[in-house]
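First the proteins, then the strands, lettered A, B, ... as listed; each starts at 1. These figures come from a predicted structure and were not determined experimentally.
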2 protein chains.
Amino acid sequence: MPRISPERREAKRAEIVTAARRCFARDGFHQTSMPDIAAEAGVSAGAPYRYFASKEEIILAITGDTFRLIFDPVRRLADGADAPTVADLVLACLEPIGGQSVTDAAGHDVSVDELLRCAVQTWSELLRNDDIHARANEGFDGVRASIAHALRRGQQADTVPAGLDPDQGARTVMGLLHGFLLQRVAFGLTDTSGLAASLRAVLGAAG
Amino acid sequence: MPRISPERREAKRAEIVTAARRCFARDGFHQTSMPDIAAEAGVSAGAPYRYFASKEEIILAITGDTFRLIFDPVRRLADGADAPTVADLVLACLEPIGGQSVTDAAGHDVSVDELLRCAVQTWSELLRNDDIHARANEGFDGVRASIAHALRRGQQADTVPAGLDPDQGARTVMGLLHGFLLQRVAFGLTDTSGLAASLRAVLGAAG
DNA sequence: TGTCAAGATGAATGCTCATTCACGGTGAGC
DNA sequence: GCTCACCGTGAATGAGCATTCATCTTGACA
């Protein structure tokens, strides 16, 4: 006999995750204390432990969400493109990192700024957390495969140069995704649509 | 009357920095304790405080070195190119992140793996340390300006498409630098020379 | 070689923080 | 409206850590 309904429980858990993301985006994983998260969520210091066994588990939930929310739109666009150009695929990568908010699985808005700041923290974290590293690699390889596959379709449709190795090309596109992501949160990149024009200028003739 | 000569003092300081970089690369800035650094350097727990006022100051020294060692070779190559193509400039960015070691100001070898792992940590750190953020922006803007200038020279020499905005183009090249850097330390990128071929395949016709 | 200012040591100090738990509340199902 | 299994609370616990400092050691200079 649960004291609260599963829906209520899930909603509360989501509130804690949201509070944690806000804290992590502001102060980083390791400068944020569990009491900080509890206070941000408006609950007592012990409350988060009713939903997560440890701080590590909260971090894991956040990093998982981060990958999903950034990568899913990219994969959707890449998989849906029939005769894409290289520029099209780069633009697909810019899509989730150019806006102000995205919608999570539960239908709630998540700030892209917070999301990207957590993504950068995640890169640091995966360097010494094997669990996060494995999940990140899984996510990375999935998107990379989607992009490589799209490049192959582009080569068949003659919209992508035949001389391009699809796997190397996919790595290059992923490089731009990560690089522009970092520039947005750390190096004052505001105009992602302007980049589109530049890309077409360089790639115009070739793809 | 100093007890040790300035050279000795400088050498000892460098030993502590080297030990710190090894620790930071392995465990991260915040999972590394001051006693860890001291032990790695083979000195007592109090010794680092004879050379640095705080852990923060060591982190600052490391992040400064990191930017210098990665960016200086890129700027040197970009500034030295008379009629560069876009691919040339991307390759200049790949140069410092493709090797096994680089040489620091004092002539000592520094492991590129350690350097790049510290670089990724630095991105997290600059999100909430204004001092590091300011230095990072300074470094970023410097390289970006060098690349933009090289692109302009390329446009005059007709080796770079005239329709490319040099500032946007420089951001794109920087994006690849950061993106490939991350892939090397986190996502199993080993063959940077293969990327060169891909780049030329995509850019071949245009730049 | 003697002197002593500065370097090195490592135990001690005073924090912060993750996590726990004993103690009230409260809502779902009867 | 009763019950109780679970929820929320917040003070307490214990570990870890940055930093300090009294004390010992050493090397540069005379």
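Under the 3.5 Å distance criterion, with hydrogens and angles disregarded, a donor-acceptor pair is assigned to the side chains of B:His30 and A:Gln31. No side-chain donor from either of A:Ser198 and B:Asp165 sits under 3.5 Å from a side-chain acceptor of the other. Inspection of the B:Asp191 and B:Ser193 side chains reveals an N or O donor paired with an N or O acceptor under 3.5 Å. Under the 3.5 Å distance criterion, with hydrogens and angles disregarded, no donor-acceptor pair is assigned to the side chains of B:His108 and B:Glu15.
Here C:dG7 presents its P atom at 15 Å from CD of B:Glu15, a figure rounded to the nearest Å. Rounded to an integer number of Å, the gap from B:Arg9 CZ to D:dG27 P is 15 Å. For the pair B:Arg13 CZ and C:dA8 C1', the interatomic distance rounds to 18 Å; values are reported in whole Å.
Proximity of the aromatic rings of A:His178 and B:Phe180 is defined here by a centroid distance below 6.0 angstrom, and this criterion is not met.
The only member of A:Phe29, A:Phe24, A:Tyr51 that meets side-chain contact (heavy atoms from CB on, under 4.5 Å) when paired with A:Ile58 is A:Phe24.
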Query raised in the report: Passes side-chain hydrogen bond (donor to acceptor under 3.5 Å, both in side chains), B:His133 versus B:Asn137? Steps please.
Result: CA-CA 6 Å; B:His133 196 262; B:Asn137 261 297; 3.2 Å; yes
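Residues meeting the salt bridge (charged side-chain N to carboxylate O under 4.0 Å, His left out) test with A:Asp72, sequence neighbours left out: none.
Contacts of residues 19-38 of chain A with DNA chain C (heavy atom under 4.0 Å): A:Thr32, A:Ser33, A:Met34, A:Pro35. Near DNA chain C, defined here as any heavy-atom distance below 4.0 Å, the residues from residues 41-64 of chain B are B:Val43, B:Ser44, B:Ala45, B:Gly46, B:Ala47, B:Arg50, B:Tyr51, listed numerically.
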